[in-house]
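Note that ligands are numbered from 1 as they come in the structure, with each ligand's atoms numbered from 1 the same way.
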Amino acid sequence: MAVADSPVMRQYGEIKAQYPAALVMFRMGDFYELFAEDAVTAAGVLQITLTRRRTAQASDAGVPMCGVPFHAAEGYIGKLLAQGYTVALAEQLETPEAAKKRGGSSLVKRGVVRLYTPGTLTEEAYLEAKRPTLLCAVGLHPTDTQRLALAWLDMSTGEVGVRGVGAAQLVAVLASMPIGELVVHNLPAGVEAVLPRRVVQVQPHLFAPSTAEAALARAYQGAALQGLGFDDPARIIAAGALLGYAELTQMGKLPPLRAPRIALPSSHLHLDIATRKSLDILESPSGQRADTLLGILDDTTTSAGARLLARWLSEPLAQLEPLLARQHAVKTLMHNNRQRHALRQALQPTGDVARAISRVLLGRGSPRDLGTLRATGQAAPMVMEALHAAEGLLAHHAQQLAGLPEITALLTRALAPDPLPALVREGGFVAAGFDAELDTLRHLQTHAHELLCALEQREAAATSLNPKLRYNQVWGYYLEVGKAAGNPPSHWVHRQTTTNTHRYSTPELLQLERDVANAAVQAQAREEQVLAELLEALRATTDAWLAASEGLATLDVLATLAEVAVRNAWILPILSDEGTLKLSGAKHPVVAAKRPDFVANSVTLNAGDVWLLTGPNMAGKSTFLRQTALLVVLAQIGSAVPAAQAQVALCDAIFCRVGAADNLAAGQSTCMVEMLETANILNRATSRSLVILDELGRGTATYDGLAIAWAATEALTQRIKARTLFATHYHELTALTETLPQLSNHQLAVKVWQNELVFLHEVKPGAAEGSYGVQVAKLAGVPPEVVQRAQQLLQGFESSAKGNVAGGVARVNDLSLFTAPLATEVPQISVAEGLLRATDIDGLSPREALQLLYDLKAKVLPQQAPTALNLKAVV
Ligand code: ADP
């Protein structure tokens, strides 16, 4: 890079060498400049002009350069961050005047004051109000590579969390968190796929146990690691590396950190990636918030409340005691409308305290942040008043606001009324009357003219010279009198004589003039001084603010849960550690919100119970399955549920395997994804788990799938004794009730009326009679001639199948996994033709296409043995 042609470019080169991975924005006067490759990248992303910086040598082609004005930098940095870049901001650390005074090379000192990375942002402009952006790190246990720990930090609020996690669960856990940036030393497998462009490889030394411990000790000011719950080397490494990296990005400064939350695996309801995806808890495939469970509950008053609600939903609890406490609070607020309204109203003016105080303490607080704290402090008494008679959790969180009155009184006296400026340099944020010196300076600024006139009048009254106050560029202000006017008083100083006048100054006039000229600069400096004193006072009350922010967010979520419950007439479930999951008159919270005609249904499951659910497509099977899981999630955050009656024995995990979604991009076939997920469920579910299976076995050929579904059902009810809902098209499975006593058949009721299918959406005992697939095709608008032909074929299939599958249970029971298919004759078309007809050639992966060839060959030349991976699309 031919940039080191001058002292300033050498300085740039030194800084850039320290931040090779970041885009260095280098302050030069009123601009931040970028050079070389950084300039080319930034000019492209920011759509700004790329120029060249040349030296005096004619042969020098120069180095690419672009720049942005310093006062607009925030917006530009935001765009670069959004594209996944990190930005190192190199500031001038002294004024050019100071540099000159220093002598020597008079080159202004510059240094990086901040490294902007996606996981360490604190500015409102870069953050989503309702969603946290976490910085995470993964730590490895020094001797046991299967034991990992995950630490996270929300830089904007100072919240820290640590949890142990098994190597196999890491990707699932990471996928469930709102991660802005993941710090790793050795990239764990599969992580890049779930967090593209978010992974930073850092220097290994950050992960060394001694470095990590030192970083923790700095961050928690020497508090005993054991006392903070860091009793495991992997956790110490994860949290230490995380905080060490965070310090590096902030040039050593960290926001006030809360005591780390140590999540114990048993304290939370386990939801793996597939389950989270299929339940649409926080996100839905449509991207619409309204289509998610969060969207239904999303009526918090504050943004911190919104973030906390999302966290509760992504980490439901699995322990009775804290849930009963939440329920008690929600119940109180549900039953007391006046109190709930008063509380929600009192929360309205409170602001995002956690983020404001973090910025303030990182030295980035704007006057507006102080305004947020003032407004919150002023609203706190109203919140406490609304809860004055409360007990339990409500009383506890109201009490968290008790530490604010004094500091609020100070902010109230000190700050000007709203709206306060966003930037310190805009000035005017300190209230009139708070600081005498500032008042004088402001008076000077705004009343300069009157003060000068008053001086003129005073001098005129004291003499008979009739002086006039005048101004010119050379002398500034002066008193002018006619030549004939006589002698001036002794304190007047002669300045100039013109043809007709004498011009004088006075010490007072000189001082006043100087004061007026300096007033603006001094007022700004004085305001900054006052601000520094306020920040000092805030720093001393950090704990009170952090407690208040936790209290406010929690009260907001509890009030929201109560509000949503009352508005939708939901009820609080009866929770227990063990026993039955019984929901009567239950509705899907999201679907029912859109469909007033939603049909309520009931379910009762004890450990080991399996409900086998049959019914045609579109009858409501998936909706029923999901609604059961969603009601458990709601119950386990402490919320009410949409049901007439609900009894929920707490679950340790929900496993939801819905639909045969392909994950071909990741190189896995439908069948493989399905089997991986099934294996995960069978290996991890316990008698406290809720297992939801929709169409297990559809990703493979009929009998392979049936056999797998069969074996999985047996394991779930007999060995694991989970509570299971299983929707299936394999009507053969319904015969399992004869051998498995805890399995029962249920169906989604339909009526065929004038050859049309009518969905009743009602779950009733018994197995469905058929799949009605042909009627569903008709409903979906498949052309009549195709429907007719399908009807003919179906009759043929059914009559021939009756002969062959007469053995029913006995037949299927004899199947071993992955055996050859039954040689059922298909009427009128050959097996090979059927196979080809049923194949969507465009939808085949190369591997599947090859397999299809094998299969065709095996069908047409049956003497050759079929291969293990049969693609048996028909029969
Ligand atoms: P399946 O899984 O049986 O194919 P879905 O659960 O996808 O059926 O439901 C099909 C449609 O029926 C959905 O659009 C849904 O809105 C509607 N639906 C499902 N359950 C009910 C219900 N209980 N009451 C009213 N409409 C329902």
**Prompt:** Closest heavy-atom contact between R326 and L558?
**Reply:** O-CD2, 4.0 Å
**Prompt:** Any ion pair linking D291 and K594 (charged N to carboxylate O, less than 4.0 Å)?
**Reply:** yes
**Interatomic spacing from CG in L743 to CH2 in W611 - rounded to 0.5 Å** = 12.0 Å
**Request:** Tell me which protein heavy atom sits closest to atom 25 (C) of ligand 1, plus the residue, atom name and distance to 0.1 Å.
**Result:** H761 CD2, 3.4 Å
**For ligand 1, the portion of A727 having any non-hydrogen atom under 4.0 Å away** = neither
**Asked** Nearest protein heavy-atom contact for atom 3 (O) of ligand 1: which residue, which atom, what distance?
**Response** K621 N, 2.8 Å
**Closest approach of D299 to E563 (non-hydrogen atoms, all atoms of both residues)** = OD2-CG, 4.1 Å
**Prompt:** Counting from 1, what ligand 1 atoms have a heavy atom of N617 closer than 4.0 Å?
**Reply:** 4 (O)
**Item:** Presence of salt bridge, D298 and R289, under 4.0 angstrom
**Value:** yes
**Asked** By number and element, which atoms of ligand 1 are closer than 4.0 Å to a non-hydrogen atom of G620?
**Response** 1 (P), 3 (O), 5 (P), 6 (O), 8 (O), 9 (O), 19 (C), 20 (N)
**Fill in**
Atoms of ligand 1 under 4.0 Å from any heavy atom of T623, numbered from 1 in the order shown, are 5 (P), 6 (O), 9 (O), 19 (C), 20 (N)
**Atom indices of ligand 1 within 4.0 angstrom of V591 heavy atoms, with elements** = 16 (O)
**Item:** For V599, the ligand 1 atoms whose distance to one of its heavy atoms is below 4.0 Å
**Value:** 22 (C), 23 (N), 24 (N), 25 (C)
**Request:** Can you label the angle between the F655 ring and the H270 ring as parallel, tilted or perpendicular, going by 30° and 60°?
**Result:** tilted
**ligand 1 atoms in contact with S622 (distance to a heavy atom under 4.0 Å)** = 1 (P), 2 (O), 6 (O)
**Message:** Could you tell me if D652 and T686 have a donor-acceptor pair between their side chains, going purely by distance under 3.5 Å?
**Reply:** yes
**Prompt:** Which ligand 1 atoms does P616 reach within 4.0 Å, using its non-hydrogen atoms?
**Reply:** 3 (O)
**Request:** Answer yes or no: is there an ion pair linking E714 with K721, defined by an N-O contact shorter than 4.0 Å?
**Result:** no
**Item:** Numbered atoms and elements of ligand 1 in range of A619, under 4.0 angstrom, heavy atoms
**Value:** 1 (P), 3 (O), 8 (O)
**Prompt:** Out of M618, R595, R626, Q627, whose heavy atom is nearest to atom 1 (P) of ligand 1?
**Reply:** M618
